[in-house]
2 protein chains.
Amino acid sequence: MKKTASVAAFPAPGHDHDRCATDAIAHAESLCVARAQRLTPIRRRVLEALLATHKPLGAYEIIERMGGKAAERPAPITIYRALEFLRENGLVHRIESRNAFIACIHKHASGDPVVFLLCERCGAVGEAASASIAETLKSASRAAGFTPKTPVIEIAGICSHCREG
Amino acid sequence: MKKTASVAAFPAPGHDHDRCATDAIAHAESLCVARAQRLTPIRRRVLEALLATHKPLGAYEIIERMGGKAAERPAPITIYRALEFLRENGLVHRIESRNAFIACIHKHASGDPVVFLLCERCGAVGEAASASIAETLKSASRAAGFTPKTPVIEIAGICSHCREG
DNA sequence: AAATATATGTTGCACTGCAACAAAAAGAGC
DNA sequence: GCTCTTTTTGTTGCAGTGCAACATATATTT
């Protein structure tokens with residue numbers, strides 16, 4: 001079930017999550033090797049914490065989910081630095097309307113505009129990449145004499161699993 | 001120079017700003033009268049502070065721009081409450097990617113998706129309403145089995161005045 | 001005028017995000 | 001190996017966001 005113009009992915013509740021997390025880590029590793037970037041233990045743990053859920057997490061939630069005793073937990077700044085690294089490498093997105101972060105499972109090219117679908121009920125986040133959306137936004141921007149760079153598109157609503165279930 | 005599908009407005013540096021602010025206040029007043037809502041002095045001052053610039057302002061910036069001696073300035077919570085009121089009535093938008101707020105000059109219908117164009121150089125924010133964008137986003141959402149509600153679209157880039165000037 | 005609803009003030013706190021400097025760890029060059 | 005350099009992480013501290021909970025004041029209604 002594939003389309004030419006758009007690809008949409010919403011995490012099904014019963015999907016093989018271990019595998020999708022493992023795949024994402026593997027992808028991150030090979031990508032960092034290819035770019036001579038260092039996926040350090042902390043960065044890896046932050047990514048793993050985000051991959052363990054499909055919900056956007058704030059910095060403090062990430063800290064909590066990284067485990068270890070309270071005294072051993074990294075400071076917020078450490079998390080933000082790891083997130084900065086992961087974002088620069090396209091492994092993590094920031095959900096602006098939530099002040100939170102989510103692991104990227106989409107493997108899109110950098111610069112590709114991504115539409116985030118935020119379920120208001122279960123909190124899960126889907127990604128929909130659409131070339132037509134990108135084109136429409138570009139032309140609308142240019143009609144206003146605007147040179148667009150990084151579009152942020154976030155849509156709140158109800159996902160199919162919550163509506164049907 | 002008008003289009004059928006999209007209307008774009010980027011504030012020109014030399015536009016008649018007094019008038020655009022006055023108009024917006026007048027619109028806010030008549031709208032509140034029509035809805036039996038109260039445009040109290042504080043709410044009015046918050047709106048005026050936002051109208052005095054076309055840049056998104058944070059809560060503290062709004063407080064500073066509301067004037068008065070430091071001791072007389074309202075607390076942040078007061079600002080947030082006024083912003084909540086103004087947002088509910090479509091007079092103010094929140095720019096999610098900036099954690100800031102901007103007065104609405106667009107007079108669009110509530111629920112209409114608005115595209116915000118954020119100039120990275122001068123900080124001004126333009127609005128572009130586009131029916132085709134709305135349609136494209138809706139169809140992309142539905143392709144993912146998603147029922148969309150409130151879309152957030154923010155595009156960072158360079159406005160025409162900054163590029164040319 | 002009293003009762004009710006709405007708006008604002010006060011206090012307090014959890015979280016975001018980062019700057020500036022210090023220390024530790026990893027890589028590069030000899 | 002060992003030093004030098006770069007990168008990463010730790011520590012401290014702070015400005016800003018956003019709101020909860022309760023108290024007080026101001027409007028509106030009856």
Side-chain angles (χ1 to χ4, degrees), chain A residues 28-29 32-33 35-50 55-89 91-102 123 152 154, chain B residues 28-29 32-33 35-50 55-89 91-102 123 152 154:
Chain A
E29 275 176 347
C32 286
V33 168
R35 294 185 185 175
Q37 298 278 288
R38 311 208 310 234
L39 189 64
T40 63
I42 283 189
R43 291 167 178 173
R44 191 198 188 95
R45 282 167 65 204
V46 169
L47 181 58
E48 283 169 349
L50 289 173
K55 297 172 188 171
L57 299 181
Y60 275 53
E61 278 176 300
I62 294 173
I63 291 175
E64 280 170 21
R65 288 168 184 247
M66 281 176 70
K69 295 166 192 169
E72 297 166 0
R73 289 177 186 163
I77 180 71
T78 301
I79 306 300
Y80 285 110
R81 286 195 280 227
L83 288 170
E84 185 184 3
F85 171 88
L86 294 169
R87 281 218 286 165
E88 282 169 354
N89 288 281
L91 300 167
V92 159
H93 294 291
R94 181 187 152 87
I95 305 297
E96 308 284 352
S97 60
R98 297 264 201 283
N99 286 349
F101 303 86
I102 191 163
V152 171
E154 298 171 10
Chain B
E29 275 176 347
C32 286
V33 169
R35 295 185 184 173
Q37 297 279 289
R38 311 206 313 232
L39 188 63
T40 63
I42 284 190
R43 290 168 179 172
R44 191 199 187 92
R45 281 167 64 203
V46 169
L47 181 58
E48 283 170 348
L50 289 172
K55 297 172 188 172
L57 300 181
Y60 276 54
E61 278 176 300
I62 294 173
I63 292 175
E64 282 170 20
R65 287 166 185 247
M66 281 176 70
K69 295 166 190 167
E72 297 166 2
R73 289 177 187 164
I77 180 71
T78 300
I79 306 301
Y80 284 111
R81 287 195 279 226
L83 288 170
E84 186 185 3
F85 171 88
L86 295 168
R87 280 218 287 164
E88 283 169 353
N89 288 282
L91 300 168
V92 158
H93 293 292
R94 181 186 151 88
I95 305 296
E96 308 284 353
S97 59
R98 298 265 201 284
N99 286 350
F101 302 86
I102 192 162
V152 172
E154 299 171 10

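The chains referred to below are lettered A, B, ... by the order of the sequence lines, with proteins before strands, and numbering in each begins at 1.
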#### Entry: Donor-acceptor pair under 3.5 Å, A:Arg38 side chain vs C:dG27 base
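Under the 3.5 Å cut-off, the side chain and the base do not form any donor-acceptor pair.
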
### Message
Determine whether a donor-acceptor pair (one donor, one acceptor, N or O, separation below 3.5 Å) exists between the side chain of A:Arg94 and the base of C:dG17.
### Response
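Result: no qualifying N/O pair found.
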
### Query
Does the distance from a Lys or Arg side-chain N to an Asp or Glu carboxylate O, for B:Arg44 and B:Glu29, drop under 4.0 Å?
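A salt bridge is present here (some side-chain N lies under 4.0 Å from a carboxylate O).
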
Could you report the tightest heavy-atom contact between [X] and [Y], atom names first, then the distance?
X	Y	answer
B:Glu154	B:Arg94	OE2-O, 4.0 Å
B:Ile42	B:Met66	O-CE, 4.3 Å
B:Leu47	B:Ala28	CD2-CB, 3.6 Å

Remember a base hit wins even if backbone is also touched, and classify [X] as base, sugar-phosphate or nothing at under 4.0 Å, heavy atoms.
X	value
A:Phe101	sugar-phosphate
B:Arg73	nothing
B:Arg81	base
A:Arg98	nothing

### Task
Taking the side chain as every heavy atom from C-beta outward, state whether A:Leu83 and A:Ile62 have any atom pair closer than 4.5 Å.
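Yes, at least one pair of side-chain atoms sits under 4.5 Å.
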
For [N], take OP1 and OP2 only and decide whether either is under 4.0 Å from a side-chain N or O of [X].
X	N	answer
A:Thr78	D:dT9	no
A:Thr40	D:dT9	yes
A:Tyr80	C:dC18	no

Please give, in whole Å, the distance from [N] [atom2] to [X] [atom1]?
X	N	atom1	atom2	value
A:Glu61	C:dA14	CD	C1'	12 Å
A:Ile42	C:dA23	CD1	P	18 Å
A:Arg43	C:dA25	CZ	C1'	12 Å
A:Arg87	C:dC18	CZ	C1'	13 Å
B:Arg44	C:dT8	CZ	C1'	18 Å
A:Ile95	C:dC15	CD1	C1'	18 Å
A:Glu84	C:dA19	CD	P	9 Å
B:Tyr60	D:dC19	OH	P	14 Å

### Upstream residue (5' side of DNA chain D) when A:Phe85 and A:Ala75 are each assigned their closest nucleotide
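The residue closer to the strand's 5' end, by nearest nucleotide, is A:Phe85.
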
### Query
Which sits closer to the 5' end of DNA chain C, A:Glu64 or A:Pro76, going by the nucleotide each is nearest to?
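Closest to the 5' end, via its nearest nucleotide, is A:Glu64.
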
